[in-house]
Amino acid sequence: MVQDQEKTEVWKRNIHLTGSGPAGTPSAPAPSAQDTMMTETDLKNILDDLTDDEFKEFKWELKCEKVDNVPPIKVSLLSKADRQDTVDLMEQKYGLVGALRSTRSWSIRELKSVRTQFISRVSEPVLRKLLDKLLERGVITDDEMDLAGTASRADKARVVIDTVRRKGSEASSALISALCEEDRCLSTELNLT
């Protein structure tokens with residue numbers, strides 16, 4: 001993005017570089033179609049949906065974790081950053097695609113942290129709807145759908161959450177999104193908003 005002296009956006013293009021990164025480091029994985037369609041506003045909206053405690057935990061993880069072989073953001077920069085400042089810091093450090101990846105990797109950890117509660121509390125009707133949505137969105141295969149379909153409610157819930165977690169951050173985000181659509185009460189109780 002190019003801005004004039006008043007910080008007004010005058011030109012914006014997404015450019016994806018290939019090849020090796022700085023000093024011969026491997027380049028980041030190619031961005032997904034979803035990555036190229038998201039904007040800074042989408043990223044800010046994701047952070048706006050976090051509670052204050054979740055946002056604090058998210059910032060703590062940002063200071064500890066590398067994204068695409070880029071060192072973490074310095075604690076001194078994150079300590080007083082609000083949500084918009086955090087978006088700016090993430091984009092400056094990692095670029096928009098890297099910032100989105102760091103946000104998505106958090107969704108995998110979120111699912112892992114609520115696994116036991118999800119298994120014990122999700123209802124059979126909601127599980128069936130989640131399976132349908134995950135199949136429709138290409139997150140699970142027909143075979144995975146069939147495997148989950150023959151299990152007891154708790155085993156089905158276990159298969160769903162574990163299968164999705166293993167598939168990565170986009171799949172985890174899809175499950176969280178589907179759960180928010182199908183059972184707002186449970187997703188809120190699990191802090192998956």
Side-chain angles (χ1 to χ4, degrees), residues 26 28-38 42-62 64-69 72 90 94 96-193:
S32 69
Q34 187 178 5
D35 286 340
T36 59
M37 293 175 14
M38 292 190 72
D42 295 321
L43 187 55
K44 181 166 183 308
N45 289 339
I46 291 168
L47 297 186
D48 284 342
D49 287 339
L50 301 177
T51 65
D52 289 340
D53 287 340
E54 290 169 333
F55 179 61
K56 183 178 177 182
E57 181 182 339
F58 179 75
K59 287 195 320 182
W60 182 85
E61 291 188 23
L62 278 178
C64 297
E65 147 182 339
K66 285 185 177 184
V67 175
D68 296 335
N69 290 325
M90 290 168 64
Y94 309 125
L96 182 59
V97 172
L100 291 167
R101 280 194 186 110
S102 70
T103 305
R104 285 204 191 100
S105 69
W106 200 59
S107 63
I108 296 171
R109 290 187 293 274
E110 280 185 289
L111 280 184
K112 193 172 185 179
S113 72
V114 299
R115 181 181 180 275
T116 304
Q117 291 175 300
F118 175 83
I119 291 167
S120 67
R121 297 178 64 190
V122 69
S123 69
E124 180 74 31
V126 169
L127 273 172
R128 283 194 298 271
K129 289 178 184 177
L130 291 175
L131 285 165
D132 289 339
K133 284 188 181 269
L134 294 171
L135 180 66
E136 180 181 289
R137 295 174 185 175
V139 174
I140 62 171
T141 65
D142 288 319
D143 290 340
E144 291 165 332
M145 174 92 163
D146 293 342
L147 177 66
T150 60
S152 69
R153 187 209 53 81
D155 287 339
K156 188 181 295 186
R158 197 172 285 111
V159 166
V160 168
I161 197 164
D162 290 342
T163 299
V164 169
R165 271 189 324 104
R166 287 185 199 109
K167 290 185 179 222
S169 57
E170 282 190 51
S172 297
S173 293
L175 175 56
I176 291 169
S177 174
L179 182 62
C180 289
E181 293 167 19
E182 295 304 327
D183 192 338
R184 194 72 183 150
C185 182
L186 179 59
S187 63
T188 301
E189 289 171 8
L190 298 178
N191 290 317
L192 297 175
T193 53

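Computed from a predicted model, the values in this text were never measured in an experiment.
- Listed by chain and residue number, A151, S152, R158 satisfy the side-chain contact (heavy atoms from CB on, under 4.5 Å) test with D155 (two or more places apart in sequence, or in another chain).
- Tested against L131, the residues V139, V159, I140 include a single side chain to side chain contact (heavy atoms under 4.5 Å, CB included) partner, I140.
- Of all heavy-atom pairs spanning S187 and C180, the tightest one is OG-CA, 3.6 Å.
- For T116, there are no side-chain hydrogen bond (donor to acceptor under 3.5 Å, both in side chains) partners two or more places apart in sequence or in a different chain.
- M145 has its side chain within reach of D132: a pair of non-hydrogen atoms, C-beta onward, lies under 4.5 Å apart.
- With sequence neighbours excluded, no residue forms a side-chain hydrogen bond (donor to acceptor under 3.5 Å, both in side chains) with D146.
- Residues forming a side-chain contact (heavy atoms from CB on, under 4.5 Å) with S177 (at least two apart in sequence, or on another chain): R137, E181.
- Among the candidates K156, K129, R153, the single residue satisfying the salt bridge (Lys or Arg N to Asp or Glu O under 4.0 Å) test with E124 is K156.
- Every salt bridge (charged side-chain N to carboxylate O under 4.0 Å, His left out) that D52 has, sequence neighbours left out, goes to R83.
- Between F118 and L127, the closest heavy-atom pair is CZ-CD2, 4.3 Å.
- With hydrogens and angles disregarded, a donor-acceptor distance shorter than 3.5 Å links the side chain of S120 to the backbone of Q117.
- The side-chain hydrogen bond (donor to acceptor under 3.5 Å, both in side chains) search around R115 returns D162, not counting sequence neighbours.
- Residues passing the side-chain contact (heavy atoms from CB on, under 4.5 Å) test with V126 are V122, S123, L130, L179, E182, D183, sequence neighbours excluded.
- Residue V164 comes nearest to L134 through the heavy atom pair CG2-CD1, 3.8 Å, listed as atom of the first residue, atom of the second, then distance.
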